[in-house]
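Worksheet for the structure shown next.
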Amino acid sequence: YNSKLISANSGDSLYISGLLGGFLAANLIMLNSSSFNKEVIEQANSLLSQPVAQIKNSNVLYDKKVVYSATDLSDGLGDALNSFCQDKTGFDLDIEKIKFHPLAILVNKVLGIELVKLALSVGDWAIAYVISKNKLDSIPSLDNFYCVGTFNSTGNITYTISKGFSRIL
């Protein structure tokens, strides 16, 4: 299936299929291998050498005609948001809704890299989907498929972390 990259409208939602932060985390593990055990290094190597595409979820979403715009996140979630937010469309990314790859969580704990930086980085084998506010009731339940926020008319791309604190990307 193929989707055109079309800018979002205020009120539409952004859904992600896949876990975020894994690619950068795996690279950081390889670069800081002395801080991690052999099993973790093997997991990082496997993620880098054998990525898994989000084909199953994409097929279901396109079969149900729920999605009108999508892009892979190989260039990062930040790049995708910039592509979707045109003509004074903004977005507030809710960091607490993101499903992080277990390696990202581990790198956050061991190396102190902020999860938001891992989420916005390049290389993840995930897909971002824009779903119209009129189609939200049609969204099926899928594995590792989740909403990370709603597009708005502010013209700013921001992210919210715990306790409602927001920053502009």
Side-chain angles (χ1 to χ4, degrees), residues 1-9 12-33 36 40-86 89-108 111 113-132 139-140 142-151 156-159 161 167-169:
Y1 296 94
N2 203 352
S3 174
K4 291 182 181 180
L5 184 59
I6 300 170
S7 59
N9 297 303
D12 294 344
S13 294
L14 185 71
Y15 278 74
I16 304 292
S17 178
L19 304 175
L20 296 185
F23 181 80
L24 179 56
N27 278 289
L28 290 169
I29 288 167
M30 301 307 275
L31 290 171
N32 296 279
S33 59
F36 299 93
V40 170
I41 293 168
E42 288 173 0
Q43 289 173 8
N45 185 49
S46 177
L47 180 65
L48 293 171
S49 62
Q50 300 169 354
V52 178
Q54 297 295 312
I55 296 168
K56 179 183 172 190
N57 287 356
S58 288
N59 288 342
V60 171
L61 293 167
Y62 282 105
D63 284 345
K64 292 191 174 288
K65 297 178 177 32
V66 174
V67 174
Y68 76 86
S69 187
T71 188
D72 70 88
L73 296 181
S74 60
D75 289 334
L77 180 56
D79 183 69
L81 288 171
N82 282 325
S83 297
F84 291 137
C85 292
Q86 302 293 317
T89 299
F91 186 79
D92 185 38
L93 175 66
D94 188 339
I95 299 300
E96 292 184 5
K97 291 183 178 179
I98 293 174
K99 292 186 179 183
F100 289 96
H101 193 283
L103 293 178
I105 295 167
L106 182 62
V107 163
N108 168 259
L111 300 179
I113 306 297
E114 290 179 61
L115 285 171
V116 67
K117 291 181 181 178
L118 296 169
L120 295 171
S121 66
V122 301
D124 282 323
W125 279 67
I127 300 177
Y129 301 93
V130 177
I131 299 179
S132 170
I139 299 171
L142 300 168
D143 291 337
N144 291 321
F145 183 70
Y146 50 97
C147 181
V148 294
T150 303
F151 292 92
N156 294 318
I157 300 173
T158 61
Y159 66 90
I161 52 178
R167 288 186 179 158
I168 294 178
L169 290 180

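- Using a 4.5 Å heavy-atom cutoff, the side chains of Phe151 and Phe84 are in contact.
- Proximity of Ile127 to Asn57: side-chain heavy atoms (C-beta onward) are nowhere separated by under 4.5 Å.
- Under the 3.5 Å distance criterion, the side-chain polar atoms of Asp72 are matched with a main-chain donor or acceptor of Ser74.
- Between the side chain of Asp12 and the backbone N or O of Asn9, at least one donor-acceptor pair lies under 3.5 Å.
- Side-chain atoms of Tyr129 never come within 3.5 Å of backbone atoms of Thr71 as a donor-acceptor pair (strictly under, hydrogens ignored).
- Proximity of Phe100 to Val107: side-chain heavy atoms (C-beta onward) are nowhere separated by under 4.5 Å.
- For Ile55, the CD1 atom is loosely surrounded, since the number of other residues' heavy atoms within 6.0 Å does not exceed 12.
- Annotation: the span from Lys65 atom NZ to Leu61 atom CG amounts to 12.5 Å, rounded to 0.5 Å.
- The CG atom of Asp92 sits 10.5 Å away from atom CG of Leu81, with the distance rounded to the nearest 0.5 Å.
- The side-chain heavy atoms of Ile98 and Leu115, taken from C-beta on, include no pair separated by under 4.5 Å.
- Taking CG from Leu118 and CD1 from Ile105, the interatomic distance works out to 10.0 Å, rounded to the nearest 0.5 Å.
- Distance CG/Leu103 to CZ/Phe36: 8.5 Å, rounded to 0.5 Å.
- Side-chain contact between Leu20 and Lys99 is absent, with no heavy-atom pair separated by less than 4.5 Å.
- For the pair Tyr68 and Val130, the minimum side-chain heavy-atom distance is below 4.5 Å.
- To the nearest 0.5 angstrom, Glu114 atom CD is 9.5 Å from Ile95 atom CD1.
- The main-chain N or O of Asp79 is found under 3.5 Å from a side-chain atom of Ser83 such that the two form a donor-acceptor pair.
- Here the side chains of Leu48 and Asn27 are in contact, with some heavy-atom distance below 4.5 Å.
- A donor-acceptor contact under 3.5 angstrom links the side chains of Gln54 and Ser17, judged on distance only.
- Taking the six-membered ring where the residue is Trp, Phe145 and Tyr15 present parallel rings, their angle staying beneath 30° rather than reaching 60°.
- Annotation: side chain of Leu47 is in contact with side chain of His101 (closest heavy-atom distance under 4.5 Å).
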